[in-house]
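Here's the structure, in structure tokens; my notes come after.
Because only heavy atoms are used, hydrogens play no part in the values below, and waters and symmetry mates are left out as well, while side chains stay in.
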Amino acid sequence: MNLRKTTFIILFLMLSAVLCAGQTEPKRKDLPRFVKASPAFAEILLQRTEFEADLEDLLVAYTLEFPKVKEIRYRLDMLNAEIYKLADVKQEESSKLTLALGKLMIRKADLETDLWNLQKQYSDEHPDVKKIKRKILVFDSAIKDILL
């Protein structure tokens, strides 16, 4: 491989990583210390980190338009949204931030990603789309029961 081609590949990968990081990183709203120390945050962070590592692996060989890359970026956005829901919890209610809550939030983000994928193929009237939407409502309700 010649120097010009190698330089182009390196620049492309660096640009892809910068663009991707801008999309998947949450707005840097500071989370309270008690939230960052919670089991719920740790569980969601673990899942997010695994997907970020998978995304980095894919970006070595694929572009941002590759379907699996898009899916992982969407899933990361959903996990980031769940993380920032934890910020709304008051410190005196920090005991609500359990491992079970984190797992519920991860499962909800997974279902939202499944819904996103289904909606690319089917209308909102499709039975599979309706089924996933009902599941999301069940998980959302359970999360609200814990947080409210």
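The two residues R75 and F51 make their nearest non-hydrogen contact at CD-CZ, 3.1 Å. A pairwise comparison of heavy atoms in A109 and L79 identifies CB-CD2, 3.7 Å as the closest pair. Of all non-hydrogen atoms in D128 and L118, the two that sit nearest each other are O-CD1, 3.8 Å. The nearest pair of heavy atoms linking I83 to L31 is CG2-CD1, 3.6 Å. The shortest heavy-atom contact between V129 and S123 is CG2-O, 3.4 Å. Between P39 and L99, the closest heavy-atom pair is CB-N, 3.6 Å.
Residues Y84 and L104 fall within the same hydrophobic cluster, defined by Ile, Leu, Val, Met, Phe, Trp and Tyr side chains chained together at heavy-atom separations under 4.5 Å. Taking hydrophobic clusters as Ile, Leu, Val, Met, Phe, Trp and Tyr residues chained together by side-chain heavy-atom distances below 4.5 Å, Y74 does not share a cluster with M105. Residue I106 is not grouped with residue L46 when hydrophobic side chains (ILVMFWY) are merged at heavy-atom distances under 4.5 angstrom, including chains of intermediate members. Hydrophobic clustering (ILVMFWY, side-chain heavy atoms < 4.5 Å, transitive): I132 and L137 are in distinct clusters. Residues L147 and L45 fall within the same hydrophobic cluster, defined by Ile, Leu, Val, Met, Phe, Trp and Tyr side chains chained together at heavy-atom separations under 4.5 Å.
Screening residues 31-46 for side chain to side chain donor-acceptor pair (under 3.5 Å) gives no qualifying pairs among residues at least two apart or on separate chains. Listed by first and then second residue, the side chain to side chain donor-acceptor pair (under 3.5 Å) pairs involving residues 138-148 are K108-D140, D140-K144 (not counting sequence neighbours).
Residues K133 and D124 are paired through a salt bridge, judged by an N-O separation under 4.0 Å between the basic side chain and the carboxylate. A salt bridge links K96 with E93: the distance from a Lys NZ or Arg NE/NH1/NH2 to an Asp or Glu carboxylate oxygen falls below 4.0 Å.
Inter-residue side-chain proximity for E71 and F66 is flagged as unmet; no heavy-atom pair is nearer than 4.5 Å. Residues K135 and D114 fail the side-chain proximity criterion, which asks for heavy atoms closer than 4.5 Å. Side-chain contact between L115 and E112: absent, with no pair of heavy atoms (C-beta onward) separated by less than 4.5 Å. Contact of the E52 side chain with the E56 side chain is not registered, since no non-hydrogen atoms from C-beta on lie closer than 4.5 Å. Side-chain contact between V69 and L59 is present, with at least one heavy-atom pair separated by less than 4.5 Å.
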*Please report the C-alpha distance between K85 and E82 in whole Å, then the side-chain angles of each, then the deciding distance to 0.1 Å, and finally whether the salt bridge (charged side-chain N to carboxylate O under 4.0 Å, His left out) criterion is met.*
CA-CA 5 Å; K85 286 180 186 175; E82 295 301 321; 3.1 Å; yes
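Checked against I72 for a side chain to side chain contact (heavy atoms under 4.5 Å, CB included), the options L58, D57, D77 give a single hit: L58. Among L97, V89, L101, the single residue meeting the side chain to side chain contact (heavy atoms under 4.5 Å, CB included) criterion with I146 is L101.
If you take OG on S95 and CZ on F34, they are separated by 10.5 Å, rounding to the nearest 0.5 Å. Here L55 contributes atom CG and K70 contributes atom NZ; the two are 13.5 Å apart, rounded to the nearest 0.5 Å. Atoms CD and OG1, from Q47 and T49 in turn, are 9.5 Å apart once rounded to the nearest 0.5 Å.
Within 6.0 Å of NZ on K120 lie more than 12 heavy atoms contributed by other residues, nucleotides or ligands.
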